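Since this is a predicted model, take the numbers as computed values, not measurements. Both counts, for ligands and for their atoms, begin at 1 and track the order of listing.
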Amino acid sequence: MKFGFFDDDKREYVITTPQTPYPWINYLGTTDFFTIMSNTAGGYSFYKDAGLRRLTRYRYNNVPLDSGGKYFYIKDGDTVWSPGWKPVKTELDHYQCRHGIGYTKIEGVKNNVKAEVLYFVPLEFDGEVQRVTLKNTGNTIKKISLYSFVEWAFYNATDDSTNFQRNFSIGEAEVENGVVYHKTEYRERRNHYSFYGVNQQPDGFDTERDTFIGMYNGFENPQQVMAGTSGNTIAHGWSPVASHRLDVELEPGQEKTFVFVLGYVENEQDKKFAAPGVINKEKALKMLDRFKHPRQVEEELAGLDEYWSGLLDNFSVKSNDPRLDRMVNIWNQYQCMTTYNFSRSASFFESGIGRGMGFRDSNQDLIGVSHMIPEKARQRIIDLASTQLCNGGAYHQYQPLTKKGNKDVGDNFNDDPLWLILSVSNYLKETGDWKILDLEIPFENDDTKKYPLFEHLRRSFYYTVKNRGPHGLPLIGRADWNDCLNLNCFSETPGESFQTTANKKGGVAESVFIAGMFVLYGAEFAEICERMGKKPEAEDAKAHVDAMREAVEKYGWDGEWFLRAYDYFGNKVGTSEDTEGRIFIEPQGFCVMAGIGLDNGKAEKALNSVNKHLATPYGIVLNNPAFTSYRLNLGEITTYPPGYKENAGIFCHNNPWVIIAETKLGNRERAFDYYKRITPAYIEDISEVHKTEPYVYSQMIAGKDAAKPGEAKNSWLTGTAAWNFYAISRYILGIRPEFDGLKIEPCLPPEIKEVKISRRFRGAQYHITIHNKGNKKPACLLNGMETDSLLPPPVKGEVYHVEVTT
Ligand code: BGC
Ligand code: NOJ
């Protein structure tokens, strides 16, 4: 069953019922100010950091689930309703939500009043704009009241949801000319405030929650709205909110538009106050001024659209499969920008207070965006490398606001440093900007420890070299990519963290997955050395890579597939000798991607084993059989019920590794088949089972051992976005940046007959046509001349026409 449809021309997903199987959300914002918004206007806003600068309040896992947001109420006689259906839930005559690229439009119709609310965050604007258009579609005069509503959060989201003994005494608000200013803690150390205003004098307002809603009412029936009044209250303590009331008269056919702005302002220390206790509102008034007229909204919206076109048009495809086109051109790239912005910090599953920017996550996220935002990717590389430790290891996370490594979580996730090699080599291939390697970047955010980026890569590489176990394979540390494979944490106490309680230090537990990574990215490092003219370094690196490849062949092979690891006691993990968790996906994907076993049949065997044991109609599960009981020596992976998360769930992030691996073997049909199994547009029809948004990837889909196979969770913030874009664009469509230029090596299934691709690369524009005839080797014409599939480096500003028959 479907709950909406794709409108590709507008780059929108159109939701036609408010009762989706789960809240289906969108992200608004491009730089610093962000809003998460559901299809019924639920969600919240924050500035830079959902943990440390939460502007509006949101209660996760509320009942009903998605309660609290940017609500509007319409009081029309005895009827009260909301354009997004929630929170009032009055049955609407018509409902529609259009999630677009950086905006959401919600439309409701009731009793001949049509309300359309457009929400977006304009470019270079620290605020959310809400344009409300009310239209009388009937033939009698309508006298209605429109209410706005937001509930303020006290900035630190953890305190906001826990420290009530303090919170209930500190709330402060001001109202001037109908604009509500939220200034809790501004009197002391904060230099920032929030505001909510509308482009005309309201007929009433409220800032006291208990007066607006009432002690015994809820979002669905605020007492002021029910009565058609406003309390005109100024909050002192308790829970400040902001609501405006506009009394609106509409002639038949008449339409009126109001523009609301929810903004965030920082003032210089000596300019905080206009008068004792009165905040300086200059900047807020300027922001409100920018949206005094609805036409300004139109202009800014057009600007936003242009901005997004500028990003998304860097790569676009036209094929005979609209599902492929809409994923590649619109939603996959859009999701990549979202994961770039938030790593794993804030979604409807990530509470904004749990996890900041992950080192491994953010490095991987860059492979999905470097073609769109090379400059920002460069800055992100600098930010990430700045948190690296002197010994080459890395803080596992950093906080977006401070950009400092998180000491509580610490380091010793032994895959982390190698992901920096991926992000940098990917950046070099995309941009050709080799100067970045000479850029001096601190270790541990300490400016006295500045070294060229190349040195960061070198230490990343040798971190693995120095941390090897008895088989010459990399030590796993607290965990590798699989955060739940905790081989040095023997936790017997409920509530202990599996990642930070690393209580065993045997120097024995090894990861075959990191070994595959090392072979792949170690070789990249060696090539970087070589290209920098560092011959001895290159030779040394190659020798280590060769030794690792041998170690994997010798000690990392189980007979039909690659082993997963050796545990604390030196016993095999992911082996046919075991009864559960006999085979894992990660080393199969990564070792084959690294080219291990391509020449001796191991790669083919490993992928056939994946197909036999791990592939399901909904995607490829992480391991099989699922673990059915807790194993002290394996950790969190065995805590999940069978079929969920890391315990045999379909962890979508590593499906593209297998897809890429299949293309290495030339298995074009299998590669695309796997792609289709997890790609949202292809599974739109099973939305009822899948539950999460049919336009973005989810982190996890319940596996074959689960009670409800196919049910997804953790949509939006997942490495799946970047990796699937990488797989489809570079390995299936086969347009791949290399150090020397663009490589054209498609691996398309027969069902995709002809593809036209437009790709910007190092300042040049490529128009590529692929005729898919099923040939092994592509034949390429560049501007009509025969050429190798590795095209020569482009000249900036040039336009190239490429014709490929494969
Ligand atoms: C989850 C992992 C996640 C980890 C982060 C675990 O509970 O299963 O997916 O990476 O927490 O700490
Ligand atoms: C989610 C985490 O963000 C990521 O870092 C990790 O690799 C996966 N879970 C797998 O455990």
Check the pair Asp160 / Arg59 against salt bridge (charged side-chain N to carboxylate O under 4.0 Å, His left out), numbers first and verdict last. CA-CA 10 Å; Asp160 186 64; Arg59 296 170 185 80; over 6 Å; no
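Judged purely by distance below 3.5 Å, without hydrogens or angles, the side chains of Tyr58 and Asp66 pair a donor atom with an acceptor atom. Side-chain contact of Asn426 with Arg730: a donor-acceptor pair under 3.5 Å is present, judged by distance alone. Counted by atom type alone, Thr575 and Asp558 present one or more donor-acceptor pairs between their side chains at under 3.5 Å. A donor and an acceptor atom, one from each side chain of Thr501 and Ser491, are nowhere located under 3.5 Å apart. Glu524 and Ser425 form a side-chain donor-acceptor contact under 3.5 Å, judged by distance and modelled atom types alone.
Considering only non-hydrogen protein atoms, atom 11 (O) of ligand 2 sits nearest to Glu646 OE2, 2.5 Å. Here the heavy atom of the protein found nearest to atom 1 (C) of ligand 2 is Gln699 NE2, 3.4 Å. Protein heavy atom nearest atom 6 (C) of ligand 2, with residue, atom name and distance: Trp481 O, 3.2 Å.
Enumerated by chain and number, the residues approaching ligand 1 to less than 4.0 Å through a heavy atom are Arg355, Asp483, Cys484, Gln499, Glu636, Tyr640, Lys645, Glu646, Phe651, Gln699.
For the pair Arg54 and Tyr44, the cation-pi criterion (under 6.0 Å, within 45° of the ring axis) is fulfilled. A cation-pi arrangement is present between Arg459 and Phe443, with the terminal nitrogen or guanidinium carbon under 6.0 Å from the aromatic centre and inside a 45° cone about the axis.
Residue Arg344 has at least one heavy-atom neighbour below 4.0 Å for each of these atoms of ligand 2: 3 (O). Those atoms of ligand 2 that come under 4.0 Å of a heavy atom in Asn482, given as number and element, are 11 (O). Counting the atoms of ligand 2 from 1 in the order shown, those under 4.0 Å from a heavy atom of Phe651 are 8 (C), 9 (N), 10 (C).
Ion pairing of Lys691 with Glu711 is present here, as a side-chain N (NZ or NE/NH1/NH2) and a carboxylate O approach within less than 4.0 Å.
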For residues 613-621, tabulate all N or O donor-acceptor pairs below 3.5 Å that involve a side-chain atom, not counting sequence neighbours.
| unit_1 | atom_1 | unit_2 | atom_2 | d |
| --- | --- | --- | --- | --- |
| Thr616 | OG1 | Tyr618 | N | 3.1 |
| Thr616 | OG1 | Gly619 | N | 3.4 |
| Thr616 | OG1 | Gly619 | O | 2.8 |

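If you look at Asp361 next to ligand 2, the close heavy atoms, those under 4.0 Å, all belong to the side chain.
Under a 4.0 Å heavy-atom criterion, Arg355 is in contact with ligand 2.
Backbone and side-chain nitrogen or oxygen atoms of His653 are examined, and none is located within less than 3.5 angstrom of a nitrogen or oxygen of ligand 2.
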